[in-house]
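Okay, structure first, notes after.
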Amino acid sequence: MGKIIELDEALANQIAAGEVVERPASVVKELVENSIDAGATKIVVKIEEAGLKLIEVVDDGFGLEKADVSLALKRHATSKIRTREDLFRIRTLGFRGEALPSIASVSDFELETSVEVEESGTRLVAHGGKITTIEPMNKRAGTKISVRNLFYNTPARLKYIKSLQAELSHITDILNRLSLAHPEISFSLINENHELLRTSGSGDLRQVIASIYGIATAKKMRQISAADLDFEVTGFVSLPELTRSNQNYITFLINGRYIKNFLLRRAILDGYGSRIMVGRFPLAVISIKIDPQLADVNVHPTKQEVRLSKEKELMVLISKAISSALSEGILIPDALENLQKRPQVKAERVVQTELPLRQPNLYYDKERQDFYLKKDEVKVENKFDEPIKSLSEQLYMPPIDTIEIAEATPLFSDFPELEYLSQLHATYLLCQSPEGLYLVDQHAAQERVNLEIWEDKIGEVSIDQQLLLTPYLFDLPKNDFISLSEKKNLLHDAGIFLEEYGENQFILREHPIWLNENELEQTIYEMIDIILSSKDFSLKKYRHDLAAMVACKSSIKAGQPLDAVSAKQLLYDLSKCKNPYSCAHGRPTIVQFSGNDIQKMFRRIQETHRSKAASWKDLT
């Protein structure tokens, strides 16, 4: 006898269940996606014991005809795929025909369904994948599927089930994602007769966000929209002040399907840039419409991993959409929400110092490649007609006795017009405007100012070069020498012109003026390491990181007092920045106590406490 045998259908279904039905949440996902594909406008999910005892999904979609009911538990039986070409234009969530037979093979399964063209509905009952009953029943709109005693006949699977709370969390997450993907459908999740989720099905995505994350969170989401010939991107992203410590609150949807994609998540962070701190992640719901032929969803049993064509172009589109949305409007966080009690530390008395800043009193002359004072913006009592040295020679202006700063409207249209009051703890600048009280972190503020100066300078590295009196030699192993010879054009883009010189050596005869010669060798070796070790080296990111490092080191520190002139100058400089609301590392530069906040603190007005289920009109 041969050693190869054909497995019976029940065993084959149980093996398939190991791929498709990993846990109760997998069952919920498959059943609800079938309801969505059936055109349901209302879906109710009921569970007991986190789905191990009962999972019940009721919808009002198109049901099954009696002739199709028995086929529903056959492997690879589906109404969604008929030809090979259909695999490349999939527009439904489920399509393989494995879900129902796999689920039924490891549970007590019951299906109730009906269609308009038949006089009665049909009820199917199966035990361990074996159909025991098919009978007529009273007609009802849609389909009801009940899954009881999940994994009763595969006890090994139960060993991998975590706590009931953990399983319940996974189910809730699945329903949340599906609700975000389909705001036009009303979803309900009921656990042990307690409703955990309800959405209205109005089609308003922000309203679904409010139902899941709360009204306060929905108010801090900003809408994005972008499109090109291949993609249409819409959705909401959180303001920079609203972040989490992990990426679990990022939801990507492609043609209504929730997916996981590392590169697209990175595109979101690129869109935020330095507006959020390193290690923090925004909330985001991003829906992508794409020609089905550009997306291959048939690469994983759970269909959460999707292979995309033109992925890099999509990343750029997402990043630009987010950056554009966050460039509009005020991004100053409410200080009252972020207040924390901290122990008081007695500060040492230090001597007040001046902070001579470059902006806005300087302009850059490209022909002479230098910064000059704008005499129409400042009045200087002592004579100071000589041009300021270039940034390669000197970062700050020399001390000036007195500077009167002319009043001007901030270039950032939504940045408040601040009146400087005083300095707090030699670290924060206290300001006021008609909208309330503002605190500015002096280090973060100047870091932002310096960052934008240095990013501009580093972006011109191919223009400004400084000859070295003694050239530098860089020795590399043979394999690295060969690799770098092919990639040294990346260094050329950064203004680093290495020439082959001797055995496994490169020579450097000049360097960009923004690069400090004292750190030249170490920095270039670092750039070489990045280029050789990374398949996706980003010169833009490297320039930003370098500019951020220089900006931080060259900025005034906390605990350093400022005179009023320097403080006012810093506020003016901040108002001229492209992004005045965060430093190079994503920390806020400024926070606000609104007039209402202050009145609440003094109990001049009473704050109204509202629950998560507050009225939808609160979002408007």
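Count residues from 1 along the sequence. It should be emphasised that the depicted structure is a prediction, and the values quoted were computed from it without experimental measurement.
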- Task: For the pair Asp597 and Ser594, evaluate side chain to side chain donor-acceptor pair (under 3.5 Å) and give the outcome as yes or no after the intermediate values.
- Result: CA-CA 5 Å; Asp597 290 339; Ser594 69; 3.2 Å; yes
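- Pairs of residues two or more places apart, or lying in two chains, that qualify as salt bridge (charged side-chain N to carboxylate O under 4.0 Å, His left out) and include a residue from residues 223-236 are Asp230-Lys310.
- Both the sub-6.0 Å distance and the 45° axial angle are not jointly satisfied by Arg244 relative to the ring of Phe281.
- Taking every heavy atom of both residues into account, Thr199 and Ser211 meet most closely at CG2-CB, 4.3 Å.
- Side chain to side chain, Ser114 and Arg140 fail the donor-acceptor criterion of an N or O pair below 3.5 Å.
- Qualifying side-chain contact (heavy atoms from CB on, under 4.5 Å) partners for Ser200, counting only residues two or more places apart in sequence or in other chains: Ser202, Gln207.
- Under 3.5 Å, the side chains of Asn138 and Ser120 contain no donor-acceptor pair of N or O atoms.
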Could you pull out every donor-acceptor pair under 3.5 Å between side chains of residues 49-59 and any protein atom, sequence neighbours left out?
{"from": "Asp59", "atom 1": "OD1", "to": "Gly61", "atom 2": "N", "distance (Å)": "2.8"}
{"from": "Asp59", "atom 1": "OD1", "to": "Thr143", "atom 2": "N", "distance (Å)": "3.3"}
{"from": "Asp59", "atom 1": "OD2", "to": "Ser35", "atom 2": "OG", "distance (Å)": "2.7"}

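- In this structure, the ring of Tyr152 has its center less than 6.0 angstrom from the ring center of His127.
- For Glu241 and Lys220, the salt-bridge test passes: some basic side-chain N is under 4.0 Å from an acidic carboxylate O.
- The pair Glu118-Lys66 does not count as a salt bridge, with every side-chain nitrogen at least 4.0 angstrom from each carboxylate oxygen.
- A salt bridge links Glu110 with Arg148: the distance from a Lys NZ or Arg NE/NH1/NH2 to an Asp or Glu carboxylate oxygen falls below 4.0 Å.
- Checking His182 against Glu184 by side-chain atom types alone, a donor-acceptor pair falls below 3.5 Å.
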